[in-house]
4 protein chains.
Amino acid sequence: MSLEASAVGELERRYRSVRAASERLCVPLAPEDYVVQSMPDASPTKWHLAHTSWFFETFVLEAYLPDYRPFHPQYRVLFNSYYEAVGPKHLRAERGLLTRPTVAEVMVYRSAIDEAVLALLRDGASAALAARIELGLQHEQQHQELILTDLQHAFAQNPLAPVYTAYRARGATLGEAPPPLHFVSRDGGIEQIGATNEGFTFDNERPRHRVLVEPYQLASRLVLAGEYREFMRDGGYRRPELWLSDGWAAVQSFGWSAPLYWRERDGEYYRYSLHGELAVSAHEPVCHVSFYEADAFARWAQARLPSEAEWELAYAATPVTGHFAEAEAWIPRHTPSGFGSAWVWTATPYVAYPGFRPEAGALGEYNGKFMCNQLVLRGGSCFSPESHLRATYRNFFPAAARWQVTGIRLAR
Amino acid sequence: MSLEASAVGELERRYRSVRAASERLCVPLAPEDYVVQSMPDASPTKWHLAHTSWFFETFVLEAYLPDYRPFHPQYRVLFNSYYEAVGPKHLRAERGLLTRPTVAEVMVYRSAIDEAVLALLRDGASAALAARIELGLQHEQQHQELILTDLQHAFAQNPLAPVYTAYRARGATLGEAPPPLHFVSRDGGIEQIGATNEGFTFDNERPRHRVLVEPYQLASRLVLAGEYREFMRDGGYRRPELWLSDGWAAVQSFGWSAPLYWRERDGEYYRYSLHGELAVSAHEPVCHVSFYEADAFARWAQARLPSEAEWELAYAATPVTGHFAEAEAWIPRHTPSGFGSAWVWTATPYVAYPGFRPEAGALGEYNGKFMCNQLVLRGGSCFSPESHLRATYRNFFPAAARWQVTGIRLAR
Amino acid sequence: MSLEASAVGELERRYRSVRAASERLCVPLAPEDYVVQSMPDASPTKWHLAHTSWFFETFVLEAYLPDYRPFHPQYRVLFNSYYEAVGPKHLRAERGLLTRPTVAEVMVYRSAIDEAVLALLRDGASAALAARIELGLQHEQQHQELILTDLQHAFAQNPLAPVYTAYRARGATLGEAPPPLHFVSRDGGIEQIGATNEGFTFDNERPRHRVLVEPYQLASRLVLAGEYREFMRDGGYRRPELWLSDGWAAVQSFGWSAPLYWRERDGEYYRYSLHGELAVSAHEPVCHVSFYEADAFARWAQARLPSEAEWELAYAATPVTGHFAEAEAWIPRHTPSGFGSAWVWTATPYVAYPGFRPEAGALGEYNGKFMCNQLVLRGGSCFSPESHLRATYRNFFPAAARWQVTGIRLAR
Amino acid sequence: MSLEASAVGELERRYRSVRAASERLCVPLAPEDYVVQSMPDASPTKWHLAHTSWFFETFVLEAYLPDYRPFHPQYRVLFNSYYEAVGPKHLRAERGLLTRPTVAEVMVYRSAIDEAVLALLRDGASAALAARIELGLQHEQQHQELILTDLQHAFAQNPLAPVYTAYRARGATLGEAPPPLHFVSRDGGIEQIGATNEGFTFDNERPRHRVLVEPYQLASRLVLAGEYREFMRDGGYRRPELWLSDGWAAVQSFGWSAPLYWRERDGEYYRYSLHGELAVSAHEPVCHVSFYEADAFARWAQARLPSEAEWELAYAATPVTGHFAEAEAWIPRHTPSGFGSAWVWTATPYVAYPGFRPEAGALGEYNGKFMCNQLVLRGGSCFSPESHLRATYRNFFPAAARWQVTGIRLAR
């Protein structure tokens, strides 16, 4: 069954828009900036640009064009991230050793893939093909966020503290002092969370299923940097009783004494951001904290982190508004909504929903195989594209990860 | 409020019995055997013997005797395992570098602590003191299991394959071929799991709370080595699609191709046990597998691992019978019960029950601070003392751990 | 005492020529190629270009211009290689994480330094200043060789096997089969080696001093790849009796089975070079071998490596002719001379000559502090600029280093 | 040609005496003390006792008894140190994981080997057999020193600071303040060093050969701890200009700020010794310093370390008197001689003498294959058996090694 022309046109517009958004992120970069991998968890910009094209090539063009000839036989290997079923992969930790293909060559690769995908789409798209393309776009949006987090991490290694954009966040842009935090009570009961089959969702958001939730309270906003400073002043990083055992070990072995990117100078805290080094404002939501720090902060505050069900039930009916990547202001600021600014660490380990069925074939590796040793995060950040988020969205990272824009919302 | 004399007498008997059981485990050892730490996760026998005494000294004698003078000031540091609130600790990975105190000196330490604890007990025990002593005994029983798992690991490094006991398990002792596996269906609904305040339980088993469980099926017995061999023959260790991503990485980096302690010779599998090297019998429950292997096996078998609630609800009303340490037969064998032989990996990450409250003070570190990056195991093993187990008992280990007696029970 | 105008003019010409030679090496590069550090021992091209300028800035401009203001205050740190007396240094292993300054910015830095140095020079140069500039030029020539070896190493990590130059070496360019190897006998006695104070030399070449040398024989040419293949066929990499203990450990832990950059395909050997992947010719001198491999080969060939005195005495009176960087043919080829094509590993540990006096001040760190755990190499390679070499020149690398153009000349 | 009865008797007496000396070292030990390996460079006492017996078994019994059947087939592997030609070896770093064979079993092994060697000897010894036995005894004496250094290292890891012997060295035993240091001038010239074929020597001491030595001065005694304290007070460990580059890296990465085993408490220095923790006396020769520290001290003192030829020529004609293991006083003290108390780091890398020929067969691995990345040490220590030393003796260790009894003698 093929799509109507209007749906095809809409998908084509969306395709062009998402692909262009990735390239727009690169406008401020010098070719040198695209190359570096500052840690194994991060990837070079150039790799992200190529990998997202590889995804379309592998899962759209190869899947739907019987005679498709790969753009470059070795790109299949170089730009495979983790799909074992697709074949061999270049070593993740060595992505930053590849000076070739150059940025210009990667851009040629992107164009060639774009042309082929759009030709295929216009040639009469089935619902299945449209869904596959939409998956590729959602995937690309995830990598847009990673391009930003990985660039920030790479730039942060440079004593010159490069500024990614000329735009310079000012205290003023953080607006008025956010209102004091209060807790909003919610009834418990047997409720439903997770996504139905309507609209695009990832396999890990499904199926919609029943959960038993006891009555709870959720904080009215994110924890602010000023509140986090109080935790620090109160010896937060020196008191093992506040920490999980693995968290305390991380504090010791990595020497954590503040969120990632924070630097103390003459008693003041600054933090490296994509706008360069900025003074930490008491009014901005704290971010770049690990799950361990979020959990320790919550214990110190005599509260706890919410479960993912608690978070989702609170925001299931809310429109997705807030502070997102489209604003091109790369630090969190207070917004009244549950979305954007900073991802919220939940207390929920990332496991399959009851009845979870991964996508068929290699795409089954997209989410399912990571369901161990990670925590669920909810809500999106100021690095996330707005159209990428929804209340059922499940992000996930290991407990020690700090380079994502991750913050804290309390529950009790 | 003090205990009645009969209760004191009963506790004294139990104290003597549990402490003696630890020492009985050491009878077959040469002094040299007590010293070695074969990996950071394991500890020397000597350390276990001293640490369990340190536990009584710290949490019973120091807590209940105002003028208590430590047996040796440095033992406080040397034999503190992980209690930050108690003070500094000797580096975990360096426990095997301590030749002193000698075994004989540790035994003197044990006697001195025993004498003081029993004197305190006889001197009129409060319920609180009795509870604290019981906690020390449960703690000691946990270390009895660890003495055995850690000895097995240390002996397994020795090409001489030392035999811990003269008793040699024979195929015959495994009994008849176990019955074929079938799945037992159970209704779902809102049920209760966890411990009440009656009788001894660890804080992590409490509070008893409601859970929502969908109808499910639980396998009638543990997975057998013969069944696991089929998985191996079918390329189980070479097919990434069966594995979690972290699991596949473990297979690659550790070179796993069989359960821990298995060795292939001329097409046959043998495994190192405390009885020495034995041929693997198709009829014995498979053990020494990681969560990753259990999970991959379940996927291969088109089943899944049970949640901890599913396991507990199935065995909540069952008496604790099975194959335990008291049998002194150190490999699993089929028994019809849910307890003993091999711990069962559940699919449930180890987190706090809703409303969890850790013990007060340093003892709050006993369980709570480990609630991250681990999985719950249920049921006990052939290394567990029988009186230590119950249906609400929650054991926990990281997903890659293989040196415990850990096996597989399927669900779907 | 100032230099005559003609000497100034000559030095200026040489300055321009050496600096230009560095930049000429970069012509074939894309900006992305300048950024990568493929191992801690290597550095990005961009770093080499900046560091050699830093050297002139620090040791010429700062030393001779009282009011000199640094081009950029942080370049002092970023581009300091190892001079503790100059101040802090950016971490060596993190040179590849710096995307900024960009190539263009580094080129601006180079120009600014050039202008200032030349202005200073024209302003009436003292002999001391001229000597300092000459040191800077010799230093730059060393880095020209490193730019090439480090690029080759970085490119070799890329499965696309990038070609640095369009020029493609052909078997033909290796010329006729080299003549068979014979040994040339030389008398022993008390001789002199090392440099006098005439002309430029590094401090480590001085003072000229007496050595006692027994009669010896030196091979008439470098060992060829074909001869090395015989060693390999004879189990060279599998016979511990041929190897030093540390060498055998390196074979085991790095999995060496051929020189660096060699790859076997269908029984044929190819090697990655700056011309791309080329078939190994039996007639080319073997290179990219470690001292361990050179030593093992010599033992297999029932010979030994020469001492540095033996090498120097043999070539002290010979003009520096051979195959050097100026030929822009980036693989060794047979030449009758003792110079060029491939550095020769000597059996002599790199230590101070009797009476050695390091340069004064921070420049004393140039050579002296490395006089431990390294071996002396002699003669230069096809990556060395011709005007940089002389018979007394002492190059030095650790025994396991293979990414330099290092070959073998036998003695006995 | 067989030995005369008196020579046989003499050798038998020496055999018994050397073997007994090893066991005498173990008298103060508990069985637990024999097991531990505190770092890969060290070995458990139990292993030393077994390995030295393995040496006799392999190189005497197997070599001279055609039908010899090994005492235990796996001991061949377990107790092979590094002889590739003999066959596989147990992993060096895992020697400390072997609790079996127990000490008692190793002692039985020793007795069995002793009986067999002595029977063979009495059965009519050839000169070759006698030489082989003498090699085994010299080998055993080397391991006697290692038993002590390795025990000291293992005990030093224990916060209980175990005392190996009841004997407690007192300041008094160091005697009067040693005389002030002066330099003794010696003529240069063409001299001879190295051993002739008379009497037992290791292959690495041969052949005797000519060396060219310039006139030099050698310090009259070892550097004392008080002198070394001055170096420390003068910032010795904080001034990079005093250090070789690798040495400075070691200072940084290992956090060196004093010799190994030194501990500061309230401004005073103590050091762990086999007599327990002792206050450092200004009058004792400093020891447990690396080559890097010796070299930095010498540079600070405006002197240098002697070459091995300079040392040997100074003491070639001196009888071996001094402070040796037989005194059972386990810290250095001043003696007027060149021998004993502490090994002297020379500036000479450990390489083959011209014309060096390693022993035939597997014994060729004894010394020759280590001739890289090590420095020569001379003179012996208070842990060395007196009958083991001679002026031509070449000991060797890597530049960073500190756990041997290594000290400093200056030259210039």
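In what follows, every chain begins at residue 1, and chains take the letters A, B, ... in the order their sequences are listed. Please read all numbers here as calculations on a predicted model, not as lab measurements. These values consider heavy atoms only, across backbone and side chains, with no hydrogens, waters or symmetry-generated copies.
No part of Val77(C) comes within reach of chain A, as not one of its non-hydrogen atoms sits under 4.5 angstrom from that chain.
Using modelled atom types, no side-chain atom of Glu32(C) and backbone atom of Tyr34(A) make a donor-acceptor pair closer than 3.5 Å. The closest donor-acceptor contact from the side chain of Gln74(A) to the backbone of Pro159(C) lies under 3.5 Å.
Residues Ser38(A) and Leu97(C) share a closest heavy-atom pair of CA-CD2, 3.8 Å. Of all non-hydrogen atoms in Arg100(C) and Pro28(A), the two that sit nearest each other are NH2-O, 4.1 Å.
In the displayed structure, Arg24(C) atom CZ is contacted under 6.0 Å by at most 12 heavy atoms of other residues, nucleotides or ligands.
Interface check for chain A: of the options Leu29(C), Leu91(C), Val36(C), the most heavy-atom pairs under 4.5 Å are formed by Val36(C).
Taking CG from Asn158(A) and NE2 from His90(C), the interatomic distance works out to 7.0 Å, rounded to the nearest 0.5 Å.
Contact annotation: the side chain of Leu78(C) approaches that of Leu160(A) to within less than 4.5 Å [non-hydrogen atoms, C-beta and beyond].
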